[in-house]
K.L.:
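Below you will find the structure I want to go over with you.
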Amino acid sequence: MTETIWRIYGIRHAINTGRTRGQNFILEAQPDAPLVLDFYSWVLISEDRTIVVDTGMDPAKAARHGHTHLLSPVVALAELGVEAASADTVILTHAHYDHLGFLDAFPQAHFHMQAEEMAYVTGPWMQKPWFRRAYEPDEILRLVSLLHGGRLTLHGREARIADGVTVHWVGGHCAGQEVVRVRTARGWVVLASDALHYYEEYERGVPFAVVFNSSDMIAAHDTIRALADSDDHVLPAHDPRIARIYPRADRAGSEHILRLDLAPDPGNAA
Ligand SMILES: [Zn+2]
């Protein structure tokens with residue numbers, strides 16, 4: 001049997017140009033310096049299959065949280081020749097609102113998420129405002145409804161979604177944060193999702209400011225290194241560097257859709 005090779009499309013669906021380093025990093029030396037926060041979701045496409053990884057952010061919630069919404073996953077998928085309404089597989093890397101918009105745009109899809117994330121977002125930690133602040137209750141209710149409708153698989157810490165696509169628990173950012181390992185033509189790429197917001201966390205070995213468990217968050221860096229073929233095979237979810245070093249997807253018209261399975265050009269990192 002031949003091994004499945006996947007193309008990875010990164011969808012930059014929102015941006016926040018008003019954030020500072022102090023909002024992103026704990027004990028930051030230059031807290032007032034600006035640091036843009038981009039927002040990504042992803043689409044994996046093989047010869048005969050499409051897998052959606054996270055579903056972007058609801059525009060009204062983006063506005064309420066001070067982010068500028070750029071692109072819905074429905075429009076982005078259409079540009080890639082995929083109809084969201086007929087997509088059959090969606091991976092949710094965690095349940096924060098910037099990864100869980102547009103759930104209803106995928107009426108045929110079966111969803112996959114860490115069991116620990118579901119326990120977390122419906123359990124006692126949500127009594128604490130610090131831990132619930134990046135969740136939206138109406139979206140958690142949608143997850144419960146998908147679960148009871150037989151459309152959500154809550155998997156254990158490691159799971160195989162398809163040939164060449166596996167998910168791996170890391171925790172840290174939230175109790176059920178996972179990363180996605182994808183076989184591409186250039187080797188194993190890891191979509192770190194919010195296990196890394198910025199490359200800088202990985203390079204300096206520091207946590208992001210929104211954190212459930214900082215030891216798991218730092219330990220995740222080692223897990224990501226073990227799963228990826230090299231540091232150039234690792235993709236954070238929110239770093240503006242991504243749009244500088246990865247090429248635009250030539251089959252898509254939007255400048256916000258990138259090809260992440262191709263090699264980056266680190267020369268453009270600055
Ligand atoms: Zn996020």
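Ligands are counted one by one from 1 in listed order, and the atoms in each one are counted from 1 as well.
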K.L.:
Assess His99: does it contribute an N, O or S atom lying under 2.8 Å from the Zn ion (ligand 1)?
P.N.:
yes
K.L.:
When you measure from the side chain of Arg19 to the backbone of Leu37, do you find a donor-acceptor pair of N or O atoms at a distance under 3.5 Å?
P.N.:
no
K.L.:
For the Zn ion (ligand 1), find the closest N/O/S atom on Asp98 and give its atom name.
P.N.:
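Going by distance to the Zn ion (ligand 1), the closest N, O or S atom in Asp98 is OD2.
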K.L.:
Please determine, by modelled atom types, if Asp98 and His67 share a side-chain donor-acceptor pair under 3.5 angstrom.
P.N.:
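The answer is no; no qualifying pair exists.
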K.L.:
With a cut-off of 2.8 Å, does His238 put an N/O/S atom close enough to the Zn ion (ligand 1)?
P.N.:
yes
K.L.:
More than 12 heavy atoms of other residues, nucleotides or ligands under 6.0 Å from CD of Gln23: is that the case?
P.N.:
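Check passes, neighbour count above 12.
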K.L.:
Suppose we only allow N, O or S atoms; which atom of Asp194 ends up nearest to the Zn ion (ligand 1)?
P.N.:
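Per the distance ranking, Asp194 contributes OD2 as its closest N/O/S atom to the Zn ion (ligand 1).
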K.L.:
With a 3.5 Å distance limit and no angle check, can you tell me whether Thr55 reaches the backbone of Gly101 through a side-chain donor-acceptor pair?
P.N.:
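Answer holds: yes.
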